Asks: 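Quick one: the structure is below, and I'll ask about it shortly.
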Amino acid sequence: MAAEKKTSNHQKAFGWAARDISGILSPFNFTRRATEESDVRIKILYCGICHSDLHLSKSDIDFPITYPLVPGHEIVGEVIETGANVKKFKAGDRAGVGCLVRSCGDCEQCHESLESYCHKMVLTYNSTDHDGSPTYGGYSDTIIVHERYVFRIPERLPLHSAAPLLCAGITVYSPMRYFGLDRPGLHVGVVGLGGLGHVAVKFAKAMGMTATVISTSPHKQKEAIELLRADRFLVSTNDQQLKEAIGSLDGIIDTVSAYHPIAPLLGLLKQHGKLVVLGASAEPLRVPSIPLLLGRKIVSGSAAGGMKETEEMIDFAAEHNINAEVEVIPMNYVNTAMERLAKGDVKYRFVIDVGNSLKADYMNG
């Protein structure tokens with residue numbers, strides 16, 4: 001997209017940033033680019049903590065990092081300014097921003113509303129915007145984004161629990177739709193019952209499917225069945241349970257963001273089954289070839305969906321009353337939250353109460 005005429009000066013902003021590979025976040029003053037004719041400026045009220053925030057803050061995966069880094073791409077808040085050409089939003093609207101804030105707008109992926117696969121996409125943080133300025137994420141007070149990449153949040157969805165839908169939600173919803181794992185009567189497995197996994201179970205049930213949770217943690221069975229309404233729970237280290245479930249799943253949504261064995265999961269798939277990997281692992285996953293050949297099984301990956309699909313997901317969530325299960329925290333708890341996230345100690349998504357806690361930090365900063 002060509003640069004647009006600026007309608008205001010650069011905006012002062014404040015947030016929390018990681019300065020180095022320690023990943024420790026601390027108060028950070030910076031500037032946002034000017035609000036342009038097609039831009040929306042949002043006062044951030046809540047921001048979810050994604051596992052990728054932890055990875056990128058510590059630079060522990062194979063991805064280039066630029067510090068200072070302000071994480072956060074599960075952003076919801078209130079529109080406080082719009083450019084002259086904005087049609088979709090007005091001041092006071094509830095709005096959200098997900099994993100990207102720009103794409104080229106001209107390639108095949110963009111024309112098909114698959115902006116998240118555009119080679120020139122601009123990530124919400126740790127990227128470079130069209131004017132050459134760095135992008136900073138939602139652990140901050142405001143953000144300025146082209147209206148194409150901003151989503152309206154329905155009144156029916158509470159903002160604090162809607163925030164994780166903009167990454168965790170669309171990251172599981174998109175492959176379910178794309179790979180046809182969205183039809184009543186199918187049996188879908190969900191590996192990992194964390195931020196992505198618990199939302200995947202909710203979507204699967206709303207789509208009329210049978211859902212099996214696959215986890216290393218037996219203590220999660222009660223919540224999986226009673227809270228999330230999963231139909232079955234398998235402990236991935238229990239060989240007998242896995243043996244009894246061989247060939248029972250049409251597809252598997254694998255949300256685990258650490259190395260884990262893939263071969264046992266392939267055994268759970270029916271012939272022609274699909275295993276979709278969503279978690280970013282620092283260590284390469286090992287995929288055996290024989291089960292793929294003999295069962296015509298597919299192992300694939302998937303990123304967050306594009307703009308059109310994200311809007312569809314938000315509407316689906318509102319219609320079926322799907323919200324993330326969250327633990328709301330103040331900004332000054334973020335480093336402790338990161339430590340807990342690394343240990344899997346969260347049910348099931350941390351969400352920062354930016355609107356009520358960052359202002360106090362700014363006064364102290």
Side-chain angles (χ1 to χ4, degrees), residues 8 10-18 25-35 39-50 52-53 56-57 68-83 86 88-102 122-127 129 133-147 149-154 157-169 310 314 324 326-334 337 349-365:
S8 64
H10 280 62
Q11 303 283 345
K12 290 183 179 180
F14 179 77
W16 279 47
L25 293 114
S26 58
F28 177 54
N29 288 286
F30 61 101
T31 59
R32 297 280 188 189
R33 64 172 177 78
T35 305
D39 285 339
V40 174
R41 185 157 69 101
I42 299 169
K43 176 183 178 181
I44 299 173
L45 298 178
Y46 295 97
C47 184
I49 298 181
C50 177
S52 60
D53 297 347
L56 296 182
S57 294
L69 180 139
V70 178
H73 55 208
E74 296 180 341
I75 301 166
V76 293
E78 177 184 337
V79 174
I80 55 175
E81 181 186 7
T82 59
V86 171
K88 292 169 53 179
F89 298 93
K90 65 181 185 304
D93 284 349
R94 293 154 48 100
V97 179
C99 299
L100 65 155
V101 294
R102 204 92 177 182
V122 177
L123 298 175
T124 303
Y125 69 90
N126 191 51
S127 195
D129 216 333
S133 65
T135 59
Y136 296 112
Y139 296 16
S140 58
D141 52 3
T142 62
I143 191 167
I144 298 167
V145 183
H146 188 287
E147 69 169 332
Y149 307 94
V150 179
F151 306 104
R152 186 179 300 278
I153 307 299
L157 293 176
L159 285 180
H160 66 284
S161 55
L165 297 179
L166 297 175
C167 174
T310 303
I314 293 171
V326 303
E327 180 178 337
V328 179
I329 63 169
M331 182 63 76
N332 61 14
Y333 187 78
V334 67
R349 199 68 153 186
F350 286 118
V351 172
I352 305 169
D353 185 354
V354 177
N356 289 316
S357 66
L358 183 59
K359 184 180 297 183
D361 291 329
Y362 179 81
M363 296 298 291
N364 292 332

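These values consider heavy atoms only, across backbone and side chains, with no hydrogens, waters or symmetry-generated copies. In this text, all values refer to a predicted model and were calculated from it rather than measured experimentally.
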Asks: So which atom in Lys88 and which in Glu147 form the shortest heavy-atom distance, rounded to 0.1 Å?
Replies: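 What the structure gives for the nearest pair is N-OE1, 3.0 Å.
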Asks: What's the shortest heavy-atom distance between Val70 and Trp16, and which atoms?
Replies: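 Smallest interatomic distance, heavy atoms only, reads CG1-O, 3.5 Å.
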Asks: When you measure from the side chain of Thr82 to the backbone N and O of Lys90, does any donor-acceptor pair fall under 3.5 Å?
Replies: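 Not a single qualifying donor-acceptor pair exists.
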Asks: Does the pair Tyr139 and Tyr125 meet the rule for a ring-ring contact (aromatic ring centres under 6.0 Å, His included), with working shown?
Replies: CA-CA 10 Å; Tyr139 296 16; Tyr125 69 90; 7.6 Å; no
Asks: Got a sec, which residues hit ring-ring contact (aromatic ring centres under 6.0 Å, His included) with Phe89, two or more places apart in sequence or on another chain?
Replies: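 ring-ring contact (aromatic ring centres under 6.0 Å, His included) check on Phe89 returns nothing, list empty.
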Asks: As a test of understanding, state which of Asp39, Val101, Ile42, Asp93 forms a side chain to side chain contact (heavy atoms under 4.5 Å, CB included) with Val150.
Replies: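 The side chain to side chain contact (heavy atoms under 4.5 Å, CB included) with Val150 is passed solely by Ile42 among Asp39, Val101, Ile42, Asp93.
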Asks: With heavy-atom distances below 4.5 Å as the criterion, would you say the side chains of Leu166 and Val97 are in contact?
Replies: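 They are not in contact (no side-chain heavy atoms under 4.5 Å apart), so the answer is no.
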Asks: Could you label the plane-to-plane angle of the Phe28 and Phe30 rings as parallel, tilted or perpendicular, counting under 30° as parallel and over 60° as perpendicular?
Replies: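 Rings of Phe28 and Phe30: parallel, as their planes differ by under 30°.
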Asks: Ignoring hydrogens, what is the shortest heavy-atom contact between Pro330 and Ile352? Give both atom names and the distance.
Replies: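 Result for this residue pair: C-CG2, 4.3 Å.
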Asks: For the pair Thr124 (side chain) and Gly98 (backbone), establish whether a donor and an acceptor sit closer than 3.5 Å, ignoring hydrogens and angles.
Replies: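 Present.
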Asks: Between the side chain of Glu78 and the main-chain N/O of Leu45, is any donor-acceptor distance below 3.5 Å?
Replies: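 No; judged by distance alone, with no hydrogens or angles, the pair does not exist.
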Asks: For Phe14, is there any backbone N or O sitting under 3.5 Å from a side-chain donor or acceptor partner on Asp141?
Replies: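 The answer is yes, because a donor-acceptor pair under 3.5 Å joins these two groups.
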Asks: Report yes if some heavy atom in the side chain of Pro71 is under 4.5 Å from a heavy atom in the side chain of Leu56; otherwise report no.
Replies: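 SC-SC contact between Pro71 and Leu56 ruled out.
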Asks: Any luck finding a side-chain donor-acceptor pair between Ser140 and Arg32 under 3.5 Å?
Replies: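 Yes, because at least one side-chain N or O of Ser140 sits under 3.5 Å from a partner of the opposite role on Arg32.
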Asks: Evaluate the side-chain proximity of Asp129 to Arg102: yes if any heavy-atom separation is below 4.5 Å, no if none is.
Replies: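 Side-chain contact under 4.5 Å: yes.
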Asks: Heavy atoms only: give me the nearest Ile314-Pro154 pair and the separation to one decimal.
Replies: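 Scanning both residues, the minimum pair turns out to be CG2-CD, 3.4 Å.
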